[in-house]
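A short write-up of the structure that comes next.
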Amino acid sequence: MGGPGRVVIVGASAAGLTAAETLRREGYDGQITLIGDEARPPYDRPPLSKQILSGQWEPDRIALRDERQLNLDLRLGVAATGLDLHSRTVTLDDGERVGYDGLIIATGVRPRRLSGGHVLRTLDDALALRAVLGRASHVVVVGAGFLGCEAAASARALGVEVTLVDPLPVPLVRPFGERLGHLVAELHREHGVRLYMNTGVTRLLGDTNVELTDGSVLDADGVLVAIGATPATGWLTGCGLDLDDGIVCDSTCRAAPGVYAAGDVARWFNPRFNTSMRVEHRMNATEQAMAAAHNLLGDERPFDPIPYFWTDQYDAKIQAYGHFPPGCEMTINHGDVSRRKFIATYAKDGQVTGVLGWNMPRELRQARTLDMP
């Protein structure tokens, strides 16, 4: 079929590989260059903090589809370092300049760091932390968001003592609010996690000791720093794209003529919710990559999903559909909070924007049909 003469995709994780797969499925037979800064073939990231970290799975279980079937010009272990919109070229860290007619950027995010400790973004990160857990008696997890909570649960499953530290009042307060956060805190305490909430970290002393803002020091055998991530856009500075907590795109995921973005790095206008959003969750990476690929081929359809995401901690599966802006009001609609089986809606200004389920997957799928924007 027709389309751009040469497509370059920067980012070889789920979004990048899905974009390439979509182009081929739609009949695009031109050259596709897929660039990834990791030397490993594309793999899935959600299991890193759960099945890989806990040792339930080995790395071969998280390999994504065989990219060799897509007839790609695959460049692994090289990073993009610059973009020239005028000449339509991407510069790589080995000095090569790769020309494109169509470009999809799917570079994801980079973990925020402290001066020491482990982070958990790549498979190598997960394997290194798993080795620490295999010999540790106590670890400190800094950050009680999705990643920190999941890693804490995985460490407890291995019998490791865990201290969870966060300056916010409860875990997962962003995006779900304090009421849900108190339930998550209770879940972790029941499994033996020590929580230091409303407590910040001043610095790490080496790789194993954590100095808190109250002056006390936590001694541990390892530290995981899970304090969020920032879009991987440093290589795009000064290129002419609009960068504001991600690559700013219109409703079709277009950032510039012939340039689209997808996954964690993309901030696009979602007309369903009439707002700009950036979503760091696995399902969005797949759906947005498909949309970007279709639109690069000429569809130009708005990408207006109801975002879906989930977290698994101990025996709890927390799933959510929708958008959860600050100031939402949570209402229990079905089930029993005391039994930890319930459905809740989130509304702002009288409009339901999100729905959450705790250990009620079937009922949650039905609740997704609530009147959202």
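Taking both residues in full, the closest heavy atoms of P307 and V279 are given as CG-CG2, 4.3 Å, listed atom of the first, atom of the second, then distance. Contact between N284 and P305 at its shortest, heavy atoms only, is OD1-CG, 4.4 Å. Scanning all heavy atoms of the two residues, the minimum distance from G177 to V170 falls at O-CG2, 4.5 Å. The shortest non-hydrogen separation linking L212 to T202 is O-OG1, 3.3 Å. The nearest pair of heavy atoms linking V184 to P171 is CG1-CB, 3.8 Å. For the residue pair L164 and G148, the shortest heavy atom distance occurs at CD1-O, 4.2 Å.
For R65, the CZ atom counts as densely surrounded, since its 6.0 Å shell holds more than 12 non-hydrogen atoms of other residues, nucleotides or ligands. In the displayed structure, R25 atom CZ is contacted under 6.0 Å by more than 12 heavy atoms of other residues, nucleotides or ligands. Annotation for R203: atom CZ does not count as buried by contact number, only 12 or fewer foreign heavy atoms lying within 6.0 Å.
With contacts defined as side-chain heavy-atom distances shorter than 4.5 Å, the pair L187/H191 qualifies. Annotation: side chain of T252 is in contact with side chain of Y260 (closest heavy-atom distance under 4.5 Å). Using a 4.5 Å heavy-atom threshold, the side chains of L241 and T233 count as separate. Side-chain contact between Y196 and V142 is absent, with no heavy-atom pair separated by less than 4.5 Å. Counting only heavy atoms from C-beta outward, the side chains of D245 and P231 approach each other to under 4.5 Å. Put simply, the side chain of R362 reaches to within 4.5 Å of the side chain of R365, judged on heavy atoms. By the 4.5 Å heavy-atom criterion applied to side chains, V10 and Y100 are not counted as neighbours. A 4.5 Å side-chain heavy-atom check between R156 and Q313 finds every atom pair outside the cut-off.
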Tell me, with the steps shown, if T122 and D124 meet side chain to side chain donor-acceptor pair (under 3.5 Å).
CA-CA 5 Å; T122 68; D124 289 339; 5.1 Å; no
Trace of the side-chain contact (heavy atoms from CB on, under 4.5 Å) decision for R97 with D84
CA-CA 10 Å; R97 293 168 63 87; D84 188 323; 4.2 Å; yes
Begin with the C-alpha distance, continue with both residues' side-chain angles, and end with the deciding distance and a verdict on side-chain contact (heavy atoms from CB on, under 4.5 Å) for D37 and T107.
CA-CA 9 Å; D37 60 0; T107 45; over 6 Å; no
For side-chain contact (heavy atoms from CB on, under 4.5 Å), just list the numbers for E363 and H334, CA-CA rounded to whole Å, side-chain angles, deciding distance to a tenth of an Å, and then say yes or no.
CA-CA 9 Å; E363 293 83 355; H334 182 68; 4.2 Å; yes
Between D312 and E150, is a side-chain contact (heavy atoms from CB on, under 4.5 Å) present by the stated rule, with each step listed?
CA-CA 7 Å; D312 297 323; E150 290 175 358; 5.6 Å; no
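For S251, there are no side-chain hydrogen bond (donor to acceptor under 3.5 Å, both in side chains) partners, not counting sequence neighbours.
Of the possible polar contacts, none joining the E211 side chain to the V217 backbone as a donor-acceptor pair under 3.5 Å is found. Between the side chain of T353 and the main chain of H323, a donor-acceptor pair closer than 3.5 Å is present. Panel note: side chain R24, backbone Y28; a donor-acceptor pair is recorded below 3.5 Å. Without hydrogens or angle criteria, N359 side chain to K317 main chain gives a donor-acceptor distance under 3.5 Å. Between the side chain of R267 and the main chain of G246, no donor-acceptor pair closer than 3.5 Å is present. The closest donor-acceptor contact from the side chain of D304 to the backbone of R272 lies at 3.5 Å or more, if one exists at all. T199 places a side-chain N or O within donor-acceptor distance of the main-chain N or O of M197, the cut-off being under 3.5 Å. Between the side chain of W268 and the main chain of F303, a donor-acceptor pair closer than 3.5 Å is present. Under a 3.5 Å cut-off, the side chain of N333 and the backbone N or O of A344 do not form any donor-acceptor pair. Between the side chain of T331 and the main chain of T345, no donor-acceptor pair closer than 3.5 Å is present.
A side-chain N or O of T33 and one of R6 form a donor-acceptor pair less than 3.5 Å apart. Using a 3.5 Å distance cut-off with no hydrogens or angles, the side chains of S216 and D214 do pair a donor with an acceptor. Side chains of Y308 and E287: a donor-acceptor N/O pair is absent below 3.5 angstrom, by distance only.
Among residue pairs with one or both ends in residues 246-262, those qualifying as salt bridge (charged side-chain N to carboxylate O under 4.0 Å, His left out) are D250-R254; sequence neighbours excluded.
Placement of L195 and F146 within a single hydrophobic cluster is found when ILVMFWY residues are connected by side-chain heavy-atom separations under 4.5 Å, directly or transitively. A continuous path of Ile, Leu, Val, Met, Phe, Trp and Tyr side chains, each step under 4.5 Å between heavy atoms, connects V141 with L53, placing both in one hydrophobic cluster. Hydrophobic clustering (side-chain heavy atoms under 4.5 Å, transitive across Ile, Leu, Val, Met, Phe, Trp, Tyr) groups L74 together with I104. In terms of hydrophobic clustering, with Ile, Leu, Val, Met, Phe, Trp and Tyr side chains grouped at heavy-atom distances under 4.5 Å, L70 and V8 are assigned to different clusters. With hydrophobic clusters built from ILVMFWY side chains whose heavy atoms lie under 4.5 angstrom apart, I332 does not share a cluster with Y321.
Salt bridge status for D94 with R75: absent, with no side-chain N to carboxylate O gap under 4.0 Å. Between R130 and E58 there is a salt bridge, since a side-chain N of the basic residue sits under 4.0 Å from a carboxylate O of the acidic one.
Expressed to the nearest 0.5 Å, how far CD1 of I32 lies from CD1 of I9 amounts to 5.5 Å. The CZ atom of R282 lies 10.0 Å from the CZ atom of R45; values are rounded to the nearest 0.5 Å. Atom CG of L72 is separated from atom CD1 of I35 by 11.5 Å, given to the nearest 0.5 angstrom. Atoms CD1 and SG, on I247 and C253 in that order, are 11.0 Å from each other to the nearest 0.5 Å. Here the CD-NE2 distance, from E186 to H182, works out to 10.5 Å after rounding to the nearest 0.5 Å. To the nearest 0.5 angstrom, K341 atom NZ is 9.0 Å from I343 atom CD1.
Between W358 and F342, the ring-plane angle classifies as tilted under the 30° and 60° cut-offs. Aromatic ring orientation, F176 versus F309: parallel (interplanar angle below 30°, classes split at 30° and 60°).
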Only distances under 3.5 Å count here; give the side-chain donor-acceptor pairs of residues 221-229 to other protein atoms, sequence neighbours excluded, each with its distance to 0.1 Å.
unit_1, atom_1, unit_2, atom_2, d
D221, OD2, S137, N, 2.8
D221, OD2, S137, OG, 2.8
D221, OD2, H138, N, 3.0

